[in-house]
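All chains are named by letter (A, B, ...) in the order of the sequence lines, taking the proteins before the strands, and each is independently numbered beginning at 1.
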Protein chains: 2
Amino acid sequence: MLSKSSKYAIKAVLFLALNSNDKKKVMVKDISEPINVPQAYIAKLLQKLSRQNIISSSRGRKGGFYLSDNNRKQSIMSIIEVIDGEKNFNSCMLSLKECDEDKPCPLHKTLYPFKSNIIRNLESISIKELALEVELGNAFLPL
Amino acid sequence: MLSKSSKYAIKAVLFLALNSNDKKKVMVKDISEPINVPQAYIAKLLQKLSRQNIISSSRGRKGGFYLSDNNRKQSIMSIIEVIDGEKNFNSCMLSLKECDEDKPCPLHKTLYPFKSNIIRNLESISIKELALEVELGNAFLPL
DNA sequence: ACTAAAATATGATAAAAATCATTTTTAGGA
DNA sequence: TCCTAAAAATGATTTTTATCATATTTTAGT
């Protein structure tokens, strides 16, 4: 469903949402350790997200990654799109090229409604909202 | 979501549902071509399915793959389980080891209901039922 | 029995995804 | 200005997934 990379990225962004702001930057090694993802690997993902303005970064001394207020307004889907390139979600369950309401694959009718709801949710939930759930103790981010 | 292998396998099984029975066996090359999957590759998948009694086969002259009446009663999920090994579906959206109702990951609450419905559907739809949809012209199996 | 046609088994190769290592650029502080 | 700490860039390696190739067994027909 989600690639490992997307999962890592979401975890890292949530970690940043909870532990950073424009005054308080966090460097990769202090992100990679608590979320339990190899440092060099998460660094690459963060750079990609930063280039697409999903997260912010500054380099050099006192540098690090962080989330601005604007960053926090982005949807969870935007993270996935940057990392996985949206292909995964929008494609047919059986990977038939031509699969839509008119010419649905055998699984389309039963599964598409659910899938489409998942997509809609991921598009509508913002980083900020999701982080709030963790702050309120309604959700957890272990390992 | 589904691995390429699972998708191939489902297509092949549906093809067999539509084009074979215990009197009419089909050999790999006559399956691989219409469903557009490399012959040697689909052969491996079919062998795996055959070993787990999802489909039937007989070798030697006049041999081939086919679906018995019992085979057709199997669920679509059973195909996926044989090929992918069920890991993919039952795991948390963020791959956290500990993620359940008590200690949900941030995406659990919003997405689990949909995912769980998808799983339930795949478990309840039989091969026969899905093939019927294609026969009735309600669903298509192109490419 | 023999042969040819089929699945089955095994292992090799290729492609993609994930991980690791090294170098370069940038910016703050002495 | 120069040193150092950080991200950014680049590219190499490993692992997993997908694909290909070859040999082995089984079975029907002669």
Between the protein and nucleotides 7-11 of chain C, are there any N/O to N/O pairs under 3.5 Å, and if so, what are the atom names and distances?
from: dA7(C); atom 1: OP1; to: Val28(B); atom 2: N; distance (Å): 3.0
from: dA7(C); atom 1: O3'; to: Ser57(B); atom 2: OG; distance (Å): 3.4
from: dT8(C); atom 1: OP1; to: Ser57(B); atom 2: OG; distance (Å): 2.6
from: dT8(C); atom 1: O4'; to: Arg59(B); atom 2: NH1; distance (Å): 2.7
from: dA9(C); atom 1: OP2; to: Arg51(B); atom 2: NE; distance (Å): 3.2
from: dG11(C); atom 1: O6; to: Lys44(B); atom 2: NZ; distance (Å): 2.3

| task | May I ask you to list the residues sharing a hydrophobic cluster with Met27(B), side-chain cutoff 4.5 Å, ordered by chain and number? | result |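 Via sub-4.5 Å side-chain contacts, Met27(B) links to none.
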| field | Co-members of Leu132(A) in a cluster of I, L, V, M, F, W and Y side chains, linked at under 4.5 Å | value |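 Listed partners: Leu136(A).
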Mind calculating the distance between [atom1] ([X]) and [atom2] ([N]) to the nearest angstrom?
X        : N       : atom1 : atom2 : answer
Ile31(B) : dA6(C)  : CD1   : C1'   : 12 Å
Lys48(A) : dA18(C) : NZ    : P     : 10 Å
Ile55(A) : dA6(D)  : CD1   : P     : 17 Å
Ile83(B) : dT16(D) : CD1   : C1'   : 16 Å
Ile42(A) : dA7(D)  : CD1   : P     : 12 Å
Lys4(A)  : dA16(C) : NZ    : P     : 19 Å
Leu49(A) : dA9(D)  : CG    : C1'   : 16 Å
Gln39(A) : dA7(D)  : CD    : C1'   : 11 Å

Contacts of [X] that satisfy side-chain hydrogen bond (donor to acceptor under 3.5 Å, both in side chains) - sequence neighbours left out:
X         : value
Ser5(B)   : Tyr41(B)
Lys73(B)  : Asn70(B)
Asp102(B) : none
Ser124(B) : none

Closest to side chain of [X], choosing from [options]:
X        : options                   : answer
Arg61(A) : dA5(D), dA18(C), dC20(C)  : dA5(D)
Ala40(B) : dA21(D), dA18(C), dT19(D) : dA21(D)
Lys62(A) : dA18(D), dG29(C), dA21(C) : dG29(C)

| said: Any residue in residues 15-25 of chain A with a heavy atom nearer than 4.0 angstrom to DNA chain C? Just list them by number, or reply none. | reply: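 Nucleic-acid contacts, sorted: none.
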| message | Quick test of your reading: applying side chain to side chain donor-acceptor pair (under 3.5 Å), list the pairs with at least one residue in residues 44-53 of chain A, sequence neighbours left out, ordered by first then second residue. | response |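 Sorted pair list: Ser50(A)-Ser57(A).
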| query | Would you say the side-chain atoms of Ser126(B) pair up with the backbone N or O of Gln74(B), donor to acceptor, closer than 3.5 Å? | reply |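 Pair absent, no side-chain N/O of Ser126(B) close to backbone of Gln74(B).
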